[in-house]
Amino acid sequence: DEENRRLREKYHIVVEGEDVPPPIEHFQDMKIPDALLKFLKSKRISMPTPIQLQGIPVAFSGRDMIGIAFTGSGKTLAFCLPLIMFACEEEAKLPLVKGEGPVGVILCPSRELASQTYENILQWTDALSREGKYPRLNTLLCIGGISMSEQSHVLNNGLHIVVATPGRLIDMLEKKRFTFNNCKYLCMDEADRMIDLGFEDDVRNIMSFFKRQRQTLLFSATMPRKIQDFAQQSLIKPVLVNVGRAGA
Ligand code: ADP
Ligand code: MG
């Protein structure tokens, strides 16, 4: 309605798609646990950025999504927070046991980006579990050059979240180190780079390992034709959230 339109205009957010969930201007109104809000505040994150205030409600709603916003605009939190909350919900309903999981996976085009995203997720899940009310979530960093035995403590419990580069993830799936039997959330970060680096077939291969209905999210700084085509083939009724620079 009018208020949603006003907010989107204020933050230069353009949306496309059917029944787009409304933007939410403050973290406090997003049903994010206080423990996490407090932690974010300690990191000087107190107001959501435009991609967060529109993207997080869309991701929370379970819709497929394409999130386009420039570098440095806070995309990581926009797709990690909904996954963390989803993993908490699933864990509260039915705790994962050894050999089960993950419930969600984040794909990155490089080891460096995967490592950074993993470190972020560890901070956020630690802040949550310190509060006591929330379950401990286990996250696995799945990239070349890291031996899985170093992370066996994660694989020896229920595994909630995997942050991965495509090649290594396929390797792990083919070796049945874990399965996607319970996996419902797939996010591709830096999708433009992912496609430029030729990971498109790998991502399709990874999609074929999913057994359940999947929520697919695609984040990128730019949206070239190739990404639009890929999204059309791989996403279902996606919501497009595009945060342009002024005038763009
Ligand atoms: P992107 O992936 O869009 O390039 P990042 O997710 O890497 O951006 O975030 C860039 C920086 O902005 C990070 O240091 C992050 O901690 C910070 N940041 C994220 N969200 C907010 C926010 N809501 N307020 C202030 N800083 C934020
Ligand atoms: Mg990023």
Side-chain angles (χ1 to χ4, degrees), residues 21 24 27 30-92 101-131 134-143 154 159-166 169 183-191 193-194 206 214-221 239 241 243:
I24 301 178
F27 281 128
M30 289 187 192
K31 59 179 187 178
I32 297 163
D34 284 343
L36 196 48
L37 287 185
K38 235 183 287 170
F39 177 79
L40 291 176
K41 212 165 226 172
S42 79
K43 299 285 174 186
R44 295 166 179 274
I45 297 180
S46 48
M47 280 287 284
T49 62
I51 189 67
Q52 292 165 359
L53 72 88
Q54 178 64 82
I56 291 172
V58 170
F60 266 147
S61 77
R63 293 285 295 275
D64 281 2
M65 162 175 176
I66 307 164
I68 309 292
F70 47 88
T71 302
S73 60
K75 293 189 287 294
T76 315
L77 190 66
F79 56 76
C80 287
L81 198 72
L83 173 55
I84 290 169
M85 299 314 301
F86 170 64
C88 277
E89 262 175 38
E90 294 284 290
E91 180 66 13
V103 297
V105 55
I106 293 169
L107 277 181
C108 303
S110 71
R111 295 178 187 187
E112 293 71 30
L113 181 62
S115 305
Q116 286 167 23
T117 305
Y118 169 76
E119 295 297 332
N120 276 311
I121 291 179
L122 282 192
Q123 287 193 348
W124 297 328
T125 55
D126 281 353
L128 261 183
S129 65
R130 271 200 303 275
E131 187 78 351
Y134 292 88
R136 241 220 101 66
L137 297 181
N138 292 314
T139 304
L140 181 77
L141 177 61
C142 184
I143 59 176
V154 176
L159 168 64
H160 298 91
I161 297 172
V162 169
V163 183
T165 48
L169 179 58
C183 201
K184 297 177 193 163
Y185 188 103
L186 171 67
C187 178
M188 273 172 79
D189 191 16
E190 300 200 355
R193 253 177 87 202
M194 200 92 91
I206 287 164
R214 175 185 87 221
Q215 182 183 5
T216 311
L217 303 94
L218 203 151
F219 281 77
S220 182
V239 173
V241 178
V243 179

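None of these values were measured; they are calculated from a predicted model.
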At what distance, to the nearest 0.5 angstrom, does CD1 of Ile56 lie from SG of Cys80?
10.0 Å
I want to check something: taking the side chain as every heavy atom from C-beta on, are Ile161 and Pro102 in contact at a cut-off of under 4.5 Å?
no
To the nearest 0.5 Å, what is the distance between NZ (Lys75) and CD (Glu190)?
7.0 Å
Minimal heavy-atom distance between Phe70 and Val243, with the atoms involved, is CD2-O, 4.1 Å
Could you state the interatomic distance from CE (Met188) to CG (Leu217), rounded to the nearest 0.5 Å?
11.0 Å
Quick check: do His160 and Pro135 have side-chain heavy atoms less than 4.5 Å from each other?
no
Please report the C-alpha distance between Asp64 and Gln215 in whole Å, then the side-chain angles of each, then the deciding distance to 0.1 Å, and finally whether the side-chain contact (heavy atoms from CB on, under 4.5 Å) criterion is met.
CA-CA 5 Å; Asp64 281 2; Gln215 182 183 5; 3.9 Å; yes
Val105 side chain near Ile206 side chain, heavy-atom distance below 4.5 Å:
no
Rounded to the nearest 0.5 Å, how far apart are CZ of Phe39 and CD of Gln123?
4.0 Å
What residues, two or more places apart in sequence or in another chain, satisfy salt bridge (charged side-chain N to carboxylate O under 4.0 Å, His left out) together with Arg136?
Asp126
Donor-acceptor pair between Arg214 and Thr216 side chains, under 3.5 angstrom:
yes
Please walk me through it: do Ile121 and Ile106 pass side-chain contact (heavy atoms from CB on, under 4.5 Å)?
CA-CA 11 Å; Ile121 291 179; Ile106 293 169; 3.7 Å; yes
Do Leu128 and Cys88 make a side-chain contact, defined as non-hydrogen atoms from C-beta onward lying under 4.5 Å apart?
yes
Applying side chain to side chain contact (heavy atoms under 4.5 Å, CB included) to Tyr118 and not counting sequence neighbours gives Leu122, Thr139, Leu141, Gln151, Val163
Atom of Gln54, atom of Pro21 and distance for their closest heavy-atom approach:
NE2-O, 2.9 Å
Would you call Cys108 and Thr117 a side-chain contact if the rule is heavy atoms closer than 4.5 Å?
yes
Using ring pair (Phe, Tyr, Trp, His ring centres under 6.0 Å) as the criterion, list what pairs up with Tyr185, not counting sequence neighbours.
none
Does Pro48 reach the side chain of Met30, with side-chain heavy atoms less than 4.5 Å apart?
yes
Within this structure, what is the CZ-CG distance for the pair Phe86 and Leu137, rounded to the nearest 0.5 Å?
11.5 Å
Let's go through Ile84 and Tyr134 carefully: what are the C-alpha distance in whole Å and the side-chain angles of both, what is the deciding distance for side-chain contact (heavy atoms from CB on, under 4.5 Å) to 0.1 Å, and is it a yes or a no?
CA-CA 11 Å; Ile84 290 169; Tyr134 292 88; over 6 Å; no
Smallest separation among heavy atoms of Ser110 and Leu113, with atom names:
OG-N, 3.1 Å
Is there a side-chain contact between Leu40 and Leu77 (heavy atoms, below 4.5 Å)?
yes
Heavy atoms only: give me the nearest Gly55-Met65 pair and the separation to one decimal.
CA-CE, 3.5 Å
Which heavy-atom pair separates Pro166 from Met194 by the least distance, and what is that distance?
CG-SD, 4.1 Å
To the nearest 0.5 Å, what is the distance between OG on Ser73 and CD on Gln52?
8.0 Å
Quick check: closest heavy atoms across Ala221 and Thr71, and the distance to 0.1 Å?
CB-OG1, 4.1 Å
Quick one, Leu36 and Phe27 - any side-chain contact, counting heavy atoms below 4.5 Å?
no
